[in-house]
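Reviewing the structure listed below.
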Amino acid sequence: MAIALDAMGWEHQIVNTVEELENFGPDVAVCLHPQMVPKMTAVPSLACHWNPPSIFRNDPNALANELSHDGFLTAGAAIERRLRDILWGSGRPVATAPMYPSSQGWKLAPSLNADSRFFYVGSNWDGRRFPALLETLGRRRMLALHGQAGRWQHLADAFMGTLPFDGRSVIERAQACGMGLCLHLPAHLEAGIPNMRVFELCAAGALIVADRHPFIVEHFRDTVLYVDTALGEAAAAEQILAHGDWARAHPTAGRDMARAAQEIFLQRFTLERLFAPLPDLHAEIRRSSGYRPERPVPLPVAVVVPIGEGGLAEAGERLAALFDQTEPPAEIVVAGHGAQSLVGRMRAPVGTSLRAVELPAKHTEGNALWAGAQTITQGWVAWLPEGARPFSEHLGSLYAATVLHPDKCLAYAQVLEPVQEAGGGDDDPFHKAERPWRLADQSSVPHPAGLLVRHTRLEPLLRADPDLGAGGAWLLAQRLVASCGTIDLCVDSRRATIRALAKTALSPTEQMRLEDLDRLRPWRGPTEATTPSAVALPWTGPSDLNPQLAEPLPRLLDAEDFARLPRGCHIYIYGASRGGELLRLELAKWVHVSVVGFLDSHRHGDAWGLPVHQPEELPASVIAGTVIVIANQYVAACVERLNRRSSGETKLTVYNAYPYIHRHCAAESETA
């Protein structure tokens, strides 16, 4: 991306922290991993949606993170349609433009010859990627493999070294190899999202061998050689080898195909062409999302600024943030000791009434909030608790949500709260920079710093001051949600527009008082009991080429599943690595079954005191008389190998324990 932007003459910077981004102060930021990183600054943010949604389906924060950004760069029509469907009910404008994980517009000369090998590079983040397929290509000396040495030890004969991430070396090495593989996970095929290999190979002038990905078939047609990965890794490997043999024997024809694919890439998909529409997208966001430079008529909104422990200086910073709103409020009330002196030295925007409510010394922040809120005159009310810093579009986007949903009594924004993240060590190749903010959990009560409420709903709650500190704002949020019914009856602006302190910043005493103050909620009568829906767990790993083979297998997840295993059965665990160890320990709890050994696709010997066999080493009578439990992320590949072993003559009893292992590892990573 940096190389492409240099060629375009655009000023740019690669940043890894909020501080770096704010110091650079760009017109727009492009977030490469929006499922993991929400919008964190006032800078308009564009989210690259080029990862399959199914990869993040079990991450409870992914959707909120990705929707917090201002605009969306989408790798295909299906992804854009998904975003528009999700946001349809919100009424929020959806600004999009195409973006693929592409390459700068290089045009390297094709070099295919009789000695060419298939270029393949990867971090191998998901374990043994395409184990049987890549092993077959390596054994035939048709593979030039690159990545991190420690992650490709099992394919040492094909490994050609590590390449730097400098935007050049990968493409130059692909050009030297002459041909390359472009294979996708099933999730990419399902979502219609291409990975970056097809674009890099085009820039390199390399002959492409790819699976039948709909994007590649549609746009590159017969300039690419195709394989059918749905038949499994072994069959796909034989097709790839056949293409490699043909290319080596017909280098001129292969180079012509590579040039044709390269021209399609240069005309439609270079990063320079993909970046070109972004200024127009940025202008659209400014027009539709509260970034307008003109000063409009003040909103019919009152904002209370209570003075807390931070004193006048901190309250003054919150006032300045309100003055910078692109759509300012009609009324601002500063409440607390010294409020008059603070208001006297501040100049409010034209059309905004700025008033002070003076209180004696030693008042609490909650006292100031109650006193200020009791004096407001506008139809809608918000407040800025101590520590809150709204982005310039905060009030405008909140009020826009109320206009779109006139039947609602409360609107709330997504709020960023501080978080302490422990990243990996310096020697960790996947070390991620510390991220100081995360989206607050608003599943039960929205963060009070992001609220906009009808005055008529707030007024009854202000009759008696509970004499709280910073917890006063949280009490109002709790009671407002109760008075409006449920959080589902409030309206979410679907925008991350403010930073504020987390509820955990309250003192233990305030948190205990909040529980007591909220015990006697109004009774709403019995409600129909609902059973929480089961968490959707994957049936097989993300790299399994034929995941539908795993669907019919009975799955092991909870205690009830293990209890239903046939009594007295002897079990072979398919997978003698970490998953196999976890399953062995779990099965040891159950007295009605016994583990007699392991099966493994790549090794034999022993593990944890039990024998390890490859499936072909065991007689058919042994395989047929036991229960096989798969403890491997490549469930479908294991099923294919077992089916080849039995040749359909023997009925196999096979269970899938990948859901159990996946959930265990996910919980383990959360507590690490």
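Sequential numbering from 1 along the given sequence is applied to the chain's residues. All values below come from the heavy atoms of this structure, side chains included, with hydrogens, waters and symmetry mates left out. Treat the numbers as computed from the prediction; the structure is a model and nothing was measured.
Contact between A413 and S493 at its shortest, heavy atoms only, is CA-OG, 3.4 Å. Between A371 and L359, the shortest heavy-atom distance links the atoms CB-CD2, 4.0 Å. Of all heavy-atom pairs spanning S102 and L271, the tightest one is O-CD1, 3.6 Å. Between A500 and V415, the closest heavy-atom pair is CB-CG1, 3.9 Å. Shown here for G372 and T375, the closest heavy-atom pair between the two residues is O-OG1, 2.9 Å. Minimum interatomic distance between A388 and A449 (heavy atoms only, all atoms of both residues): CB-CB, 4.2 Å.
Pairs passing the disulfide bond (SG atoms under 2.5 Å apart) check and including a residue from residues 339-415, sequence neighbours excluded, read C409-C484. The salt bridge (charged side-chain N to carboxylate O under 4.0 Å, His left out) analysis of residues 348-377, with sequence neighbours excluded, yields the pairs E331-R355.
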Exercise for review: Start with the C-alpha gap between I79 and W50, add the side-chain angles, then the distance that decides, and say whether side-chain contact (heavy atoms from CB on, under 4.5 Å) holds.
Suggested key: CA-CA 8 Å; I79 295 299; W50 49 24; over 6 Å; no
Check your understanding: Between V15 and N23, does a side-chain contact (heavy atoms from CB on, under 4.5 Å) hold up when you go through it step by step?
Key -> CA-CA 10 Å; V15 300; N23 288 341; over 6 Å; no
Practice item. Output, in order, the C-alpha distance, side-chain angles, deciding distance and verdict of salt bridge (charged side-chain N to carboxylate O under 4.0 Å, His left out) for D558 and R663. Key: CA-CA 10 Å; D558 297 316; R663 187 166 72 174; 2.6 Å; yes
Practice item. Apply side-chain contact (heavy atoms from CB on, under 4.5 Å) to the pair D492 and Q414, showing each step before the final yes or no. Key: CA-CA 8 Å; D492 184 350; Q414 297 294 313; 2.8 Å; yes
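Proximity of P306 to W370: side-chain heavy atoms (C-beta onward) are nowhere separated by under 4.5 Å. With contacts defined as side-chain heavy-atom distances shorter than 4.5 Å, the pair V43/P26 qualifies. At least one side-chain heavy atom of L451 sits under 4.5 Å from a side-chain heavy atom of W383.
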For residues 61-68, please give each side-chain donor-acceptor pair under 3.5 Å, one per line with the distance, not counting sequence neighbours.
from : atom 1 : to  : atom 2 : distance (Å)
N65  : ND2    : Q35 : O      : 3.0
N65  : ND2    : N61 : O      : 3.3
E66  : OE1    : Q35 : NE2    : 3.1
E66  : OE2    : R82 : NH1    : 3.2
E66  : OE2    : R82 : NH2    : 2.8
S68  : OG     : K39 : N      : 3.0
S68  : OG     : N65 : O      : 2.6

Validation: residues 341-353 side-chain donor-acceptor distances under 3.5 Å, sequence neighbours left out:
from : atom 1 : to   : atom 2 : distance (Å)
S341 : OG     : G338 : O      : 2.8
T352 : OG1    : P329 : O      : 2.7

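Between C490 atom SG and Q442 atom CD the span is 10.5 Å, to the nearest 0.5 Å. Separating the CZ atom in F56 from the OG atom in S54 is a distance of 9.5 Å, to the nearest 0.5 Å. A distance of 13.0 Å separates CG in L480 from CZ in R454, rounded to the nearest 0.5 Å. One finds the OG1 atom of T497 at 6.0 Å from the CD atom of E393 (value rounded to the nearest 0.5 Å). Taken to the nearest 0.5 Å, the CG atom of L395 stands 7.5 Å off from the CG atom of L452. Within the model, atoms CD1 of I332 and CD of Q378 stand 11.0 Å from one another, a figure rounded to the nearest 0.5 Å.
Contacts of E19 classified as side-chain hydrogen bond (donor to acceptor under 3.5 Å, both in side chains), with partners at least two apart in sequence or in another chain: none. W474 pairs by the ring-ring contact (aromatic ring centres under 6.0 Å, His included) definition with H447, not counting sequence neighbours. Not counting sequence neighbours, the partners of E80 by the salt bridge (charged side-chain N to carboxylate O under 4.0 Å, His left out) test are R84. Under the salt bridge (charged side-chain N to carboxylate O under 4.0 Å, His left out) criterion, E386 pairs with no residue at all, not counting sequence neighbours. In this structure Q511 satisfies the side chain to side chain contact (heavy atoms under 4.5 Å, CB included) test together with L506, sequence neighbours excluded. For E272, the salt bridge (charged side-chain N to carboxylate O under 4.0 Å, His left out) test picks out no residue, with sequence neighbours left out. Applying the ring-ring contact (aromatic ring centres under 6.0 Å, His included) criterion to F72, with sequence neighbours excluded, gives H49. Residues satisfying the salt bridge (charged side-chain N to carboxylate O under 4.0 Å, His left out) test with E314, not counting sequence neighbours, are R318, R389.
Of the possible donor and acceptor atoms, none in the side chain of H69 sits under 3.5 Å from a partner among the backbone N and O of C31. Side chain of D6 to backbone of I3: no donor-acceptor contact under 3.5 angstrom is found. A distance-only check finds no donor-acceptor pair linking the side chain of R494 to the backbone of R92 [under 3.5 Å]. Side-chain atoms of H455 never come within 3.5 Å of backbone atoms of W380 as a donor-acceptor pair (strictly under, hydrogens ignored). Although no hydrogens or angles enter the test, the distance criterion places a donor-acceptor pair under 3.5 Å between the side chain of Q325 and the main chain of F391. For the pair Q478 (side chain) and E515 (backbone), a donor-acceptor distance under 3.5 Å is absent. The backbone N or O of T17 lies less than 3.5 Å from a partner atom in the side chain of E20, making a donor-acceptor pair. A distance-only check finds a donor-acceptor pair linking the side chain of H363 to the backbone of H337 [under 3.5 Å]. Side-chain atoms of Q104 come within 3.5 Å of backbone N or O of G167 as a donor-acceptor pair.
Checked for salt-bridge contact, E417 and R499 miss the test: no charged N lies under 4.0 Å from a carboxylate O.
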